[in-house]
Structures are given as C-alpha cells and as structure tokens.
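Everything below concerns the one structure shown next.
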Amino acid sequence: MKGRIQTDPIDVSYPFKDSNLNIGSIVTFRGIVRDTESSRALRHLFYDADEGLASEEINKVLEEAVSRYKLIDAIAVHRIGVVKPGETSLFVAVGSTHRKEGFEACSYIVDSIKERLPIWKKDHFVDGTESWH
Amino acid sequence: MKGRIQTDPIDVSYPFKDSNLNIGSIVTFRGIVRDTESSRALRHLFYDADEGLASEEINKVLEEAVSRYKLIDAIAVHRIGVVKPGETSLFVAVGSTHRKEGFEACSYIVDSIKERLPIWKKDHFVDGTESWH
Amino acid sequence: MKVHIRYYAKYVDYTGTKIEDMEVERMTIAELLDVIKLKHSRLREDKTSLVALNSRFVNEGMIISDGDTVSIFPPVSGG
Amino acid sequence: MKVHIRYYAKYVDYTGTKIEDMEVERMTIAELLDVIKLKHSRLREDKTSLVALNSRFVNEGMIISDGDTVSIFPPVSGG
C-alpha cells in the first residue's frame with residue numbers, strides 16, 4: 001500500500017508488480033485534466049499543496065479503505081504543480097478478491113482524496129487569465 | 001468503442017490512444033484468474049464461448065452503456081481458451097467527462113458481460129479434476 | 001428435414017458431442033428442445049437454457065427450417 | 001512571542017505572502033484566526049478554513065506556543 005504526492009508524471013501502468021495470486025479484481029481510476037473548464041479553453045492547471053500533510057492524509061485514506069473494504073492492496077498518486085490537458089492528475093488502483101468491494105473502495109478513495117487532501121487547483125486559461133478553485 | 005473476444009493475452013495498457021481532451025475520468029476493471037477456487041488450488045481456467053454471438057453481445061453492451069451514461073468512449077475485451085492464475089480474463093475501460101458516470105458505467109458493463117455473454121468457464125484444478133461453472 | 005444442433009461447455013460433456021445432426025419434422029424450437037432432452041436426459045438438469053438459431057438469440061416459439069443450426073447454451077458464467 | 005503563519009493557494013493572493021511572522025500573546029488558534037482575519041479581511045470570505053499546527057491538523061481550541069507554525073488552508077479542491 002502506498003500513497004504519493006509528486007510533481008513527476010504519474011506512471012499508470014500495471015500497478016501491482018509483485019502479483020498476489022489472490023487478487024481477482026483490479027479497479028483503477030484516472031483523473032485527467034480536460035482542455036476546457038466552464039466552457040473556456042484551458043492551458044494548464046496548477047496544483048498547490050501542503051505536501052507533507054497531503055502525503056500523510058493520502059496514506060490515511062488508503063489505510064482506512066483497505067481495512068473497511070478488506071482490500072488486498074491499494075495505491076494512490078496525486079500529481080501537483082503544473083498539469084496539462086490530457087495528463088493524469090490523480091491515479092488510484094485497488095486490488096481485491098472480488099469486484100464489488102473493488103468498485104466501492106476505489107470510488108471511496110477518490111472521493112476522500114478530493115475532500116480531505118490539502119491540495120488546491122488554479123485554472124490557467126489560454127486567454128491568460130487565472131483563477132483558484 | 002470496441003468490444004473483443006480473443007484467445008490472446010489482453011493488453012491492459014493505456015486504452016484510449018487517440019486522446020480525446022474532453023475525457024476527465026478513466027475507470028478500468030480487470031478480472032484476474034485467482035490461484036484458488038472454492039479453497040482448492042487452480043491450475044488454470046478454460047473459457048468456452050460462442051465467439052460470434054459473444055462478440056456481438058459485448059458490443060451491444062458497450063453501445064447501451066455509452067448511450068445510457070453518455071460516455072465518451074468504452075472498451076471491453078474478454079479472453080477465452082486457457083487463462084492462468086494472475087492473467088486477465090476480462091478488461092473494461094470507460095472514458096467519461098466526470099467520474100460518477102464512469103464508475104457506474106464500468107460496473108454496469110462488467111455485470112452485463114457476466115450475465116449476457118455466451119461464455120462458460122471450467123476449473124482445471126492442480127489435482128487433475130475439472131468442473132464447469 | 002435435417003437440423004444441426006451445437007452444444008457448448010458442460011453440454012458437450014452431457015451429450016458427448018459438440019455438434020449433432022437430427023432428422024425432425026417441422027416444429028418450434030421449444031418442441032425441438034423437448035426432443036433433444038428426451039435423447040439427452042442430463043440437459044433437463046438446468047431449468048433454463050439459452051438458445052440461438054443460426055447464431056442469433058431467438059424466441060423458442062420460432063419454427064425451424066431445413067438446414068438450420070440450433071445452439072443450446074448452458075446458463076452463462078463469463079468474466 | 002512569535003508565530004509563523006503559512007498561507008496556501010488563493011490565500012497567498014489574498015494576503016500577498018506565503019509566510020508571515022506575527023508577534024502575538026498566548027492564545028488559541030481560533031483567537032489567532034480572528035487576529036489574522038482582522039489584518040487580511042479577504043480571508044473572511046470563506047466560512048471555514050482548515051488549520052494545521054506544525055504540520056498536523058488540529059482543533060482550533062489548541063493553544064499556540066512560541067515558534068509554532070500555523071498553516072491556514074482554503075477549502076480543498078484536489079483531484
């Protein structure tokens with residue numbers, strides 16, 4: 001289990017390298033920056049964060065989810081800094097015995113990350129204007 | 001949009017090559033063969049199918065999901081023949097504007113595939129016995 | 001007239017064959033299923049079997065024609 | 001005594017700084033927030049702000065000590 005906050009691009013390839021042969025379901029989520037926001041063309045997003053606290057909190061969220069949904073493994077990576085349209089800002093992967101708890105846990109982890117991590121995003125529009133969410 | 005039935009291993013890497021910059025969420029599911037079934041050690045599964053009908057039906061399921069959940073794109077691949085523990089038997093990927101419909105649609109597609117496709121699996125146990133599901 | 005019957009998965013074990021030709025009268029698929037279950041009694045174990053006519057899912061009220069292929073499916077277990 | 005105040009995201013724009021040192025009396029974080037909002041009135045726009053003391057989320061009833069770092073967070077918008 002591993003939660004990470006990073007400025008580097010996120011590797012979304014096969015997440016559980018040491019394959020645990022009891023995993024029957026892997027559910028993943030990727031949040032991707034779109035090229036429009038409120039119908040305006042977006043150049044990129046900028047994510048500000050309290051990295052230390054965000055890193056602690058993302059791991060707390062994973063621990064809670066693993067225990068609550070009896071997961072075999074779970075990973076979550078949130079990118080910060082500049083993220084361009086088409087790039088992944090959040091990646092979550094959940095390995096479980098069956099799929100039902102996999103879908104529920106993945107959705108729970110994404111919601112919790114968006115509600116609880118001290119991370120904020122700023123729209124940088126193509127027209128040069130900016131605004132914090 | 002593409003549904004496929006194939007005997008080759010499934011490529012689960014980045015599913016939407018021609019990136020559509022309105023996709024804000026990609027939810028994926030992988031069903032993986034486990035090494036035990038009913039507490040007995042499994043050597044492999046064998047999937048029999050009516051390939052033509054299964055192929056039509058998997059594409060019908062995708063069409064229904066795209067229209068019902070207003071998805072941007074969706075992919076589903078079901079492997080047939082011999083599939084070993086740790087290998088993927090079913091891969092589904094859903095691209096949508098937002099994540100809520102992405103999770104719902106991915107779960108709907110997986111359930112529908114398991115209910116509606118003419119595909120059957122046979123357990124081949126390490127002890128040499130076999131049984132159809 | 002002659003029809004071709006295709007079996008899948010455990011029904012291959014139950015009948016000992018993947019494909020079987022049968023000489024039958026003009027009848028519905030439901031009636032044909034009764035004929036088949038008389039010959040292969042283990043097929044009666046499942047309450048419902050999906051049926052396809054010439055590779056299309058069909059209603060069991062359909063009438064079969066000479067040369068048709070009828071596929072008899074066990075309940076599905078994909079994924 | 002002296003405390004260090006850290007601002008994040010739009011609060012950096014509101015206050016014009018990322019970090020600010022303040023000379024204050026012994027008080028709770030809630031009271032410190034009132035002092036800060038007197039100085040930077042735009043911070044009053046959000047009803048709730050998360051607060052961390054020395055990089056831990058804390059209750060606003062906590063008493064601050066000399067040298068503490070207090071982080072003031074806008075409502076979150078991650079993902």
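Just so it is clear, the values below take in all heavy atoms, side chains as well, and ignore hydrogens, waters and symmetry mates. For clarity, every value in this text was computed on a predicted model and none was experimentally measured. So you know, we letter chains A, B, ... as the sequences are listed, proteins then strands, and number each from 1.
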Which one wins on heavy-atom pair count under 4.5 Å against chain A: [options]?
options: B:Gly95, B:Gly102, B:Cys106; answer: B:Cys106
options: B:Asp111, B:Val92, B:Val94; answer: B:Asp111
options: B:Thr36, B:Val110, B:Val33; answer: B:Val110

| query | When you look at NZ of B:Lys84, are more than 12 heavy atoms from neighbouring residues, nucleotides or ligands closer to it than 6.0 Å? | reply | no

| request: Quick one: which of A:Asn22, A:Asp35, A:Thr88 has the most heavy-atom pairs under 4.5 Å with chain B, could you say? | output: A:Asp35

Distance-minimising heavy-atom pair for [X] and [Y]:
X: A:Arg34; Y: B:Thr97; result: NH1-CG2, 3.2 Å
X: A:Phe29; Y: B:Ser25; result: CE1-OG, 3.4 Å
X: A:Val27; Y: B:Val27; result: CG1-CG1, 4.5 Å

| task | Report the residues that fulfil side-chain hydrogen bond (donor to acceptor under 3.5 Å, both in side chains) with B:Glu104, sequence neighbours left out, ordered by chain and then residue number. | result |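 Partners of B:Glu104 by the side-chain hydrogen bond (donor to acceptor under 3.5 Å, both in side chains) criterion, ordered by chain and then number, come out as B:Lys100.
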
| remark: Hits for salt bridge (charged side-chain N to carboxylate O under 4.0 Å, His left out) against A:Asp8, two or more places apart or cross-chain, chain-then-number order -> none

